[in-house]
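This report refers to the structure that appears directly beneath it.
Within every chain, numbering begins at 1; the chains are lettered A, B, ... in the order of the sequence lines, protein sequences first and strands thereafter. Keep in mind it's a predicted model, so treat the numbers as computed, not measured.
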Amino acid sequence: MSGVVVETEAYRGLNDPASHAYRGKTSRNRVMFGPAGHAYVYFTMGMHYCLNVTTESDGSPAAVLLRAVQPTEGIEEMAANRGTQDKGRLASGPGNLTKAFKIDRNLNGEDITKSDSLYFESGRAEGAIRMSTRVGVSHGKERKWRYFLAGSPYVSKGRPS
DNA sequence: TTCGTGATACCC
DNA sequence: GGTATCACGAAC
């Protein structure tokens, strides 16, 4: 299975009230404090996993949340995982994304620079990248740290310009 | 719009 | 020990 990332959000620990790392290191967010290039997978809202990739150096908590992916390979498998045929929504939203790709806590802390099961390739989607405020965040709205591919049907619902 | 859902973190 | 909060999604 693979796809093109079309929507992300940035979280930078200290001084970012929306970040899990804002209140310091905990057992849950510890991988955010580690070196860059690791997967941070957490369970939230009682039913959703979210996939992040850590950035910055060891001791500096920061991560990028992957919010939406445009599926390219393994679409049938993702559809089966999601229980829907709606191609435009297979991975549109953090919870949907992890479900489509079967991502769970087994991948928490995975080194994506070495892993065979989860990794990224360089490249860039066609189209304009736009920024907006992050979704579902009550504080820190002055930071427009949500990035998405303009006009893509694969980004999650609610597309402020 | 509303409601389900459960881990986490923080308050006793 | 209890409980308020939450980087959400699906159904209505």
Side-chain angles (χ1 to χ4, degrees), chain A residues 1 3-56 59-71 74-75 77-110 112 118 120 125 129-150 152-161:
Chain A
M1 293 185 282
V4 179
V5 177
V6 294
E7 183 181 357
T8 65
E9 283 179 17
Y11 289 88
R12 300 189 58 199
L14 315 169
N15 291 333
D16 181 1
S19 170
H20 284 173
Y22 181 57
R23 289 182 183 79
K25 189 174 182 176
T26 68
S27 57
R28 178 211 207 178
N29 64 28
R30 70 194 136 76
V31 333
M32 280 183 85
F33 287 79
H38 289 248
Y40 169 38
V41 181
Y42 64 90
F43 190 68
T44 192
M45 302 298 179
M47 54 188 97
H48 306 296
Y49 289 102
C50 294
L51 171 64
N52 302 246
V53 175
T54 61
T55 61
E56 302 198 1
S60 175
V64 173
L65 166 69
L66 273 65
R67 291 191 55 88
V69 163
Q70 171 182 345
I75 290 176
E77 191 177 351
M78 294 185 204
N81 293 341
R82 292 268 293 110
T84 176
Q85 292 299 318
D86 191 343
K87 200 177 151 194
R89 292 187 187 161
L90 281 180
S92 66
N96 290 336
L97 184 159
T98 52
K99 194 171 176 189
F101 281 84
K102 271 197 159 63
I103 288 166
D104 60 21
R105 293 230 266 239
N106 293 330
L107 287 170
N108 192 30
E110 186 88 351
I112 62 171
L118 177 65
F120 292 82
I129 306 297
R130 300 170 74 162
M131 309 164 55
S132 73
T133 55
R134 292 173 293 182
V135 173
V137 173
S138 45
H139 291 104
K141 284 197 169 155
E142 74 283 2
R143 299 186 174 119
K144 297 201 161 110
W145 284 354
R146 174 184 183 226
Y147 294 83
F148 62 99
L149 185 62
S152 170
Y154 300 99
V155 308
S156 63
K157 170 178 153 180
R159 284 161 243 172
S161 27

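Partner assigned to B:dT5 is none, using Watson-Crick or G-U wobble distances below 3.5 angstrom.
Rounded to an integer number of Å, the gap from A:R67 CZ to C:dG9 C1' is 11 Å. Between A:H20 atom NE2 and B:dA7 atom C1' there is a gap of 11 Å when expressed in whole angstrom units. For the pair A:N108 CG and B:dA7 P, the interatomic distance rounds to 15 Å; values are reported in whole Å. Look at CZ on A:R28: it is 9 Å from C1' on B:dA9, rounded to the nearest Å. When rounded to the nearest whole Å, the span between CG of A:N29 and P of B:dC10 equals 10 Å. What separates CD of A:E9 from P of C:dC6 is a distance of 15 Å, to the nearest Å. As rounded to whole Å, 11 Å separates atom C1' of B:dG6 from atom OH of A:Y49. Distance A:R23 CZ to B:dC11 C1': 13 Å, rounded to the nearest Å.
Minimum atom distance to the side chain of A:R82 is reached by C:dA10, of the listed C:dA10, C:dG9, C:dA7. The side chain of A:M45 lies closest to C:dC8 when the candidates are C:dG9, C:dA7, C:dC8. With C:dA10, C:dG9, C:dA7 as the candidates, the nucleotide lying closest to the side chain of A:Y40 is C:dA7. Of the candidate nucleotides B:dA9, C:dC6, C:dA7, B:dA9 has the atom nearest to the side chain of A:S27. For A:N52, whose side chain is taken as the heavy atoms from C-beta onward, the closest listed nucleotide among B:dA7, B:dA9, C:dA7 is C:dA7. Taking every side-chain heavy atom of A:M47 into account, B:dT5 is the closest of B:dT5, B:dA7, C:dC8. When each of B:dG4, C:dA7, B:dA9 is scored by its nearest atom to the side-chain atoms of A:Y42, the top-ranked nucleotide is C:dA7.
B:dA7 has no base stacking with the ring of A:F43 when judged by centroids under 5.5 angstrom apart and an interplanar angle below 30°.
Residue contacts for A:R89: at a heavy-atom cut-off of 4.0 Å it reaches no nucleic acid atom on any strand shown.
In this structure, A:T44 does not reach the C:dA7 phosphate: none of its side-chain N or O atoms is under 4.0 Å from OP1 or OP2. Of the side-chain N and O atoms in A:N96, one or more sit less than 4.0 angstrom from OP1 or OP2 of C:dA10. Within the 4.0 Å cut-off from OP1 or OP2 of B:dT8, at least one side-chain nitrogen or oxygen of A:R105 is found.
Remark: aromatic rings of A:H20 and A:Y42 are close, center separation under 6.0 Å.
In terms of modelled atom types and a separation under 3.5 Å, the side chain of A:T98 and the main chain of A:G95 share a donor-acceptor contact.
A donor-acceptor pair shorter than 3.5 Å cannot be found between the side chains of A:K99 and A:N81. A donor-acceptor contact under 3.5 angstrom links the side chains of A:E7 and A:S156, judged on distance only.
Taking 4.5 Å as the limit, some side-chain heavy atom of A:I112 sits within range of a side-chain heavy atom of A:F120.
With a 6.0 Å cutoff to the six-membered ring centre and a 45° limit on the axis angle, A:R134 counts as a cation-pi contact of A:Y11.
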